[in-house]
Number of protein chains: 2
Amino acid sequence: MMTGTGHRGGDTAGGASAHRPTLATVAERAGVSVSTASLAFSGAGPITPETRDRVLGAAKELGYTGPNPLGRQLRSGRSGVVGVVVGDQLRRAFRDPVAVKVLDGLVSTLGENGLGVLLIPGIPSDDPERAVDPLVESAAMDVAVLVWGVGTDDPTLDALRRRGVPVVVGEGRPVEGAPLVAIADRTGTAEVVRHLVGLGHTRVAEVSLPLDSSDRSGPLDAHRLAQVDRTPTANRLAGVRDVVEPVASWETEASLVEHGRSAALALLGRPGEDGTVEPLDAAARPTAVIAHSDLLAAGALLGVRELGLRVPDDVSVAGFDGLDLPWLAPDVLTSVEQPLARKGAELGRAVIGLLAGEEPGTVTLDVELVVGTTTGPAPA
Amino acid sequence: MMTGTGHRGGDTAGGASAHRPTLATVAERAGVSVSTASLAFSGAGPITPETRDRVLGAAKELGYTGPNPLGRQLRSGRSGVVGVVVGDQLRRAFRDPVAVKVLDGLVSTLGENGLGVLLIPGIPSDDPERAVDPLVESAAMDVAVLVWGVGTDDPTLDALRRRGVPVVVGEGRPVEGAPLVAIADRTGTAEVVRHLVGLGHTRVAEVSLPLDSSDRSGPLDAHRLAQVDRTPTANRLAGVRDVVEPVASWETEASLVEHGRSAALALLGRPGEDGTVEPLDAAARPTAVIAHSDLLAAGALLGVRELGLRVPDDVSVAGFDGLDLPWLAPDVLTSVEQPLARKGAELGRAVIGLLAGEEPGTVTLDVELVVGTTTGPAPA
DNA sequence: CCGTCGGATCGAAACGATTCGAGACCGAGC
DNA sequence: GCTCGGTCTCGAATCGTTTCGATCCGACGG
């Protein structure tokens, strides 16, 4: 396998201390002061090339690979770490390509500025009675990013503010003193619904994102509607109602394919004789389904197919996000495209800005209706 | 919105220093020494309840929320951070549910032990000429986890060893002095191929995982086969050949649905007249496709459908991973199920063990053949 | 030839906590 | 009354770096 030197590195020589060399060791070896040695590495401040080379040489001989980040961090008061609170359990958050794309943009932008991303579960993975993950309380981080829905009285947010960790919010309700990166949720949703109405649809059914963290699913009535405590959800619900009052609405527990499918079966079908589900009569059936996310829409599409209905002849389906979903072939989902990677990048920029002392502001990104093959004229 | 106190916290009183209180501040206020105050928080060492309460009270008055992690880290020499190197670009790594599930298990296990996960791109996101991400060189971490394929002369691995950061390897070739968590890749692959052969298939086509990081795709011949430099790939290639020599093999650039689809079109079809792809003649066509991953298999399945062929009547398709892919309905993929979350958990355990000074060992997890609806008898 | 200026180097003081050994205090036993 | 032992508290050292101000030196101008 030939991986070269052993595990510990070559301190087999007449090592004074068995431990890892420090800047002081290097300085001594090079015959300079610690401060000069520091200069040689950081490059801040004047230093003769010869001196620097001498220090770097001594470092190489000793196997010193650069200043210990811990010391540097204590001195500078910064850890170079940005905590990213992923809304829910990690598993579920990452099953959603939307989340992944945003995260990708975020990591890239932060990486370019030498910042690392520390993953923090929004809900403690171990102890369900605890309100927040222990990392929230005690991990070193310069800024925290809250993506995907800050509820009111969010315990994680509270803990972070108590600690004095600056916060950046994405896709959430505004938080005082924190930059916000949002998208034009409401108008975008309204636009796609207007597209459906323009095609002659009057009986529109809705598949909603989760209203809160309660894991509830089922029909969404006016009473429940008043309890919505998540921002993207609230905006999209409102966007739909800006144009039309849905004939039926279904609340899901998570934005995943399987939940979209169940919703479609519930909205467009009824239990059959032998335990199967059969479609409602055409006269009573909604002719269009607007889902709050593409994953939900994709599930709905599968559900519609499963009921033996044709898309878009019998039922039109539209989503939100603008994901590329090749496995829906031959269908291409009508959707509202949002710039996900850019959203991540803007979150990153907001973090950098905050660290640079800029005043927090709000960024709202535009979205665009993209018409696919899953929407068509309402059946006659 | 009523979020309560302002952003900075209430240091509007006659604040001596505008800055955040330290343990020294608290100690002074409580009338005890710094060391005693430390005891009050850490709980290590004897302390009278009254003294502790006095310290905690003072802390609350001053808005001190606990010891600064940076100071603690410098003293203890540990950062509480585990770097996780995700093989490729983040985007691609996270589009693979396999990666996500492993990561989820890992984060849970580490979280229970107070360790956080720092995301490190395996390939630098910004500067393509640079060999490793800057975080690899200078971020504080106690251990690094390399998941998904360590090549020979992996620059990231080299950099970590140079720094003296202990390493845990998952799904890779063994690394000296580093714990390894692997699965029974080869025997599992052999088992599913044996299943196909048992059904009478003799013309088996193979869709391979990437052989290295070159982003190549295309037919896989003996020459190229000798260049394989990734471990799960090497094992699965070998597992197939333990049972049968494939009539055709196709190398993909990533384990994603679209690449599986292209592979299937290339292996089972040929360019038609009007730019479309039409299936090969039944006599020449492979009757089974074994893909090295479920995502590739799913793509292959879509490709097969697209060619107008029936599964499993015309072509059987099998994968590896045991993912739940509801959108393939009504088909259920025949696959080899591997315990993904457990793999993550074992990686976490290895990290903990390493930090506790245990000797690194190897863990190999078992896999299980799960027969679905996508494999059947070879056509007569 | 002296004063001054600027660049390179050095010392020492943070940064904020943990930890070890020493000391203070108190009660009990002889 | 004195010593011993046990508990709690304190001082000081330490972790490894950065940075500020002082110092030292050679060179240049007057």
*Nearest whole angstrom, please: distance from the C1' of dG16(C) to the CZ of Phe41(B).*
13 Å
*Hey, are Ser38(B) and Ser35(B) close enough side-chain-wise for a donor-acceptor pair under 3.5 Å?*
no
*Pro46(A) or Ser35(A): which one's nearest nucleotide on DNA chain C is closer to the 5' end?*
Pro46(A)
*Base, sugar-phosphate, or nothing: which does Ile47(A) touch, judged by heavy atoms less than 4.0 Å apart?*
sugar-phosphate
*asked:* Measure CD/Gln73(A) against P/dC15(C) and give the value in whole Å, please.
replied: 17 Å
*Rounded to the nearest angstrom, tell me the gap between atom CZ in Arg20(A) and atom C1' in dC15(D).*
15 Å
_On DNA chain D, compare the nucleotides closest to Ser76(A) and Thr51(B); which residue's is nearer the 5' end?_
Thr51(B)
*Report the distance from atom CG of Asp133(B) to atom CD of Glu112(A), rounding to the nearest 0.5 Å.*
10.0 Å
*Can you name the nearest heavy-atom pair linking Phe41(B) to Gly66(B), along with the distance?*
CE2-CA, 4.3 Å
*Do Thr65(B) and Arg20(B) come within less than 4.5 Å of each other through their side chains, counting heavy atoms only?*
yes
*asked:* Val82(B) vs Leu118(B), test: side chain to side chain contact (heavy atoms under 4.5 Å, CB included). Steps then yes/no.
replied: CA-CA 6 Å; Val82(B) 176; Leu118(B) 183 72; over 6 Å; no
*asked:* Under 4.0 Å from OP1 or OP2 of dC10(C): is there any side-chain N or O of Ser33(A) that close?
replied: yes
*Could you tell me whether the phosphate oxygens of dG16(C), OP1 or OP2, come under 4.0 Å of any side-chain nitrogen or oxygen in Tyr64(B)?*
no
_Side chain of Thr48(B) (C-beta onward), nearest among dT17(D), dC8(D), dA17(C)_ = dC8(D)
_Rounded distance (Å) that lies between atom C1' of dT19(C) and atom CZ of Arg78(B)_ = 16 Å
*Quick one: is dT18(C) close enough that its OP1 or OP2 comes under 4.0 Å of any side-chain N or O from Ser42(B)?*
no
_So, OP1 or OP2 of dT18(C): does either fall under 4.0 Å of a side-chain N or O from Arg72(B)?_
yes
*Looking at the side chain of Leu23(A), which of dT18(D), dT9(C), dT18(C) is the nearest nucleotide?*
dT18(D)
*Between dC15(C) atom C1' and Arg75(A) atom CZ, what is the distance in whole Å?*
6 Å
*Rounded to the nearest angstrom, tell me the gap between atom CG in Asp53(A) and atom C1' in dA8(C).*
15 Å
_Without decimals, in angstroms, what is the distance between Leu39(B) CG and dG21(C) P?_
15 Å
_Rounded distance in Å - CG (Leu74(A)) to P (dA13(C))_ = 17 Å
*Would you mind classifying the nucleic acid contact of Ser38(B) as base, sugar-phosphate or nothing, using non-hydrogen atoms under 4.0 angstrom?*
base
